Amino acid sequence: MLKSYVAFDIETTGLNPEHNEIIEIGALKVREGKVVDRFIRFIEPETGIPPMITQLTGITNDMVEGAGNCGEVLPEFLEFCEQDTLIGHNVQFDFSFVKTKAKELGYTYAHMGIDTLKIAKVVHADLPSRKLGALCEYYHIENVAAHRAYHDALATAKLYQSMAHFYEEKEPKVFKPQPLAYKVKKKEPITAKQIAFLTRLMQQKNISMEMDIHTLTKSEASREIDRILSRP
């Protein structure tokens with residue numbers, strides 16, 4: 001069983017790392033099997049938090065207001081991770097967001113990783129669900145705040161330890177750290193459809209933009225549209 005690692009989880013405004021934003025990062029640093037440090041931070045997104053995300057996570061716009069933007073918080077998290085192996089449940093999802101945002105800020109983010117979801121798919125192929133909540137219930141792991149980043153990260157660390165205790169000797173390959181990889185998509189220019197829609201929105205809301213709309217990327221335009229639509 002790996003004794004030193006960082007278990008982490010993020011909450012986001014959606015599922016697309018090029019378009020959506022990170023709103024919370026939670027992580028714990030383990031050394032020789034003991035938690036030695038924690039990272040718990042909100043991030044204030046450029047666009048509002050969709051109601052369905054608030055319903056799922058309990059995170060509201062008021063909670064993240066003034067928390068610091070991604071450019072301020074993410075570098076602190078990258079430093080927290082050092083060169084540790086990262087453990088997460090469906091870790092590729094969380095890694096894809098951090099990798100994308102890190103690249104946008106000019107940072108590299110390369111780590112080995114262990115995915116408790118992949119492990120569970122092998123050692124618990126018979127279970128009807130391998131979601132974190134279902135596996136916590138199976139192993140009697142208490143998660144006092146599901147869908148909040150730090151508590152999910154802590155539950156993931158406990159899940160990893162439980163599965164390693166029972167199954168690592170039988171399935172050593174699935175417990176070995178693997179390189180985490182995500183290819184950040186090339187930035188695409190704003191589309192003609194986005195230009196027309198954004199122009200119409202700005203006219204309807206009586207909003208002016210300092211920069212030329214035509215210089216925006218496709219993802220920047222999407223975020224700007226979301227930001228305008230989220231206004232009262």
Side-chain angles (χ1 to χ4, degrees), residues 8-27 39-81 90 92-110 145 147-150 152 182-232:
F8 85 109
D9 183 77
I10 64 172
E11 302 302 332
T12 66
T13 60
L15 301 177
N16 188 328
E18 275 78 32
H19 172 55
N20 299 120
E21 300 177 76
I22 301 171
I23 55 175
E24 186 179 34
I25 303 176
F39 188 94
I40 308 170
R41 292 288 299 275
F42 282 129
I43 295 176
E44 184 174 8
E46 294 178 11
T47 59
I49 299 174
M52 63 175 292
I53 298 298
T54 295
Q55 187 176 5
L56 176 67
T57 65
I59 301 172
T60 66
N61 287 303
D62 287 343
M63 290 167 68
V64 300
E65 187 176 357
N69 60 36
C70 191
E72 295 167 326
V73 177
L74 194 64
E76 296 177 13
F77 176 64
L78 301 183
E79 186 177 347
F80 178 87
C81 290
N90 192 17
Q92 187 64 27
F93 173 83
D94 304 90
F95 180 79
S96 69
F97 267 86
V98 178
K99 176 84 173 181
T100 299
K101 306 311 176 188
K103 186 170 182 180
E104 289 176 1
L105 294 169
Y107 293 92
T108 57
Y109 190 60
H147 299 296
R148 288 299 303 274
Y150 177 76
D152 279 357
Y182 178 77
K183 188 175 181 181
V184 179
K185 292 180 182 177
K186 217 172 169 185
K187 289 187 176 181
E188 299 178 40
I190 188 172
T191 66
K193 189 175 180 180
Q194 284 178 313
I195 292 172
F197 186 47
L198 188 51
T199 301
R200 189 164 65 251
L201 268 180
M202 291 169 64
Q203 290 172 346
Q204 290 173 351
K205 300 276 188 176
N206 195 24
I207 296 171
S208 60
M209 187 181 292
E210 293 181 3
M211 66 176 69
D212 183 358
I213 289 177
H214 297 78
T215 65
L216 296 175
T217 65
K218 187 177 179 181
S219 60
E220 287 171 341
S222 294
R223 284 198 293 267
E224 190 63 26
I225 288 168
D226 285 348
R227 185 182 66 81
I228 294 173
L229 289 174
S230 68
R231 288 186 172 192

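The structure presented is a predicted model; accordingly, all values stated were derived computationally and were not measured. For the numbers below, each heavy atom of this structure counts, side chains included, while hydrogens, waters and symmetry mates do not.
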*Asks:* Test of understanding: with side-chain contact (heavy atoms from CB on, under 4.5 Å), list the residues that count as partners of Gln204, not counting sequence neighbours.
*Replies:* Arg200, Leu201

*Asks:* Using salt bridge (Lys or Arg N to Asp or Glu O under 4.0 Å) as the criterion, list what pairs up with Glu44, not counting sequence neighbours.
*Replies:* none

*Asks:* Taking only residues two or more places apart in sequence, or in another chain, which ones meet Glu18 in a side-chain hydrogen bond (donor to acceptor under 3.5 Å, both in side chains)?
*Replies:* Tyr182

*Asks:* Quick check on side-chain contact (heavy atoms from CB on, under 4.5 Å): which of Leu74, Ile10, Val184 does Lys101 satisfy it with?
*Replies:* Leu74

*Asks:* Taking the ring of Phe8 and the ring of Phe80, is the distance between their centroids below 6.0 Å?
*Replies:* no

*Asks:* His147: which residues meet the side-chain hydrogen bond (donor to acceptor under 3.5 Å, both in side chains) condition with it, sequence neighbours left out?
*Replies:* none

*Asks:* Of all residues at least two apart in sequence or in a different chain, which pass the salt bridge (Lys or Arg N to Asp or Glu O under 4.0 Å) check with Glu72?
*Replies:* none

*Asks:* What's the shortest heavy-atom distance between Ala149 and Gly26, and which atoms?
*Replies:* CB-N, 3.2 Å

*Asks:* State the OH-CZ distance between Tyr109 and Phe77, to the nearest 0.5 angstrom.
*Replies:* 4.0 Å

*Asks:* Kindly compute the distance separating CD1 (Ile228) from CZ (Phe197), expressed to the nearest 0.5 Å.
*Replies:* 9.0 Å

*Asks:* Holding to salt bridge (Lys or Arg N to Asp or Glu O under 4.0 Å), I want the full list of residues that pass it with Glu24, two or more places apart in sequence or in another chain.
*Replies:* Arg148

*Asks:* Not counting sequence neighbours, which residues clear side-chain hydrogen bond (donor to acceptor under 3.5 Å, both in side chains) with Thr47? List them please.
*Replies:* Glu21

*Asks:* How far apart are the C-alpha atoms of Glu11 and Asp152, what are their side-chain angles, what is the distance that settles it, and do they pass the side chain to side chain contact (heavy atoms under 4.5 Å, CB included) test?
*Replies:* CA-CA 10 Å; Glu11 302 302 332; Asp152 279 357; 3.9 Å; yes

*Asks:* Using a 4.5 Å cut-off on heavy atoms from C-beta on, say whether the side chain of Val73 contacts that of Ile22.
*Replies:* no

*Asks:* Which residues pass the side-chain contact (heavy atoms from CB on, under 4.5 Å) test with Ala67, not counting sequence neighbours?
*Replies:* Phe42

*Asks:* Show the nearest heavy-atom pair for residues Ile43 and Cys70, with the distance to one decimal.
*Replies:* CG2-N, 3.5 Å

*Asks:* Mind checking what makes side-chain contact (heavy atoms from CB on, under 4.5 Å) contact with Lys218, not counting sequence neighbours?
*Replies:* Glu188, Thr191, Gln194

*Asks:* What residues form a side-chain contact (heavy atoms from CB on, under 4.5 Å) with Thr215, not counting sequence neighbours?
*Replies:* Met211, Asp212

*Asks:* With sequence neighbours excluded, tell me which residues meet side-chain hydrogen bond (donor to acceptor under 3.5 Å, both in side chains) with Asp226.
*Replies:* His19

*Asks:* State the CD1-CE distance between Ile225 and Met202, to the nearest 0.5 angstrom.
*Replies:* 11.0 Å

*Asks:* Listing request: all side-chain hydrogen bond (donor to acceptor under 3.5 Å, both in side chains) pairs with a residue in residues 54-66, at least two apart in sequence or in separate chains.
*Replies:* none

*Asks:* Are the side chains of Ile190 and Glu220 in contact, using a 4.5 Å heavy-atom criterion?
*Replies:* no

*Asks:* Indicate the atoms forming the closest heavy-atom contact of Pro75 with Leu105, along with that distance.
*Replies:* CD-CD1, 4.4 Å

*Asks:* Specify the closest pair of heavy atoms between Gly14 and Phe97, including all atoms of both residues, with the distance to one decimal.
*Replies:* O-CZ, 3.4 Å

*Asks:* Quick check: closest heavy atoms across Leu15 and Pro17, and the distance to 0.1 Å?
*Replies:* O-CD, 3.5 Å

*Asks:* Taking all non-hydrogen atoms of both residues into account, name the closest pair between Phe93 and Thr12 and its distance.
*Replies:* CZ-OG1, 3.9 Å

*Asks:* Looking at Lys205, I'd like to know if its NZ atom is crowded, meaning that more than 12 non-hydrogen atoms belonging to other residues, nucleotides or ligands lie closer than 6.0 Å.
*Replies:* yes

*Asks:* With a 4.5 Å heavy-atom cut-off, do Ile59 and Ile53 have their side chains touching?
*Replies:* no

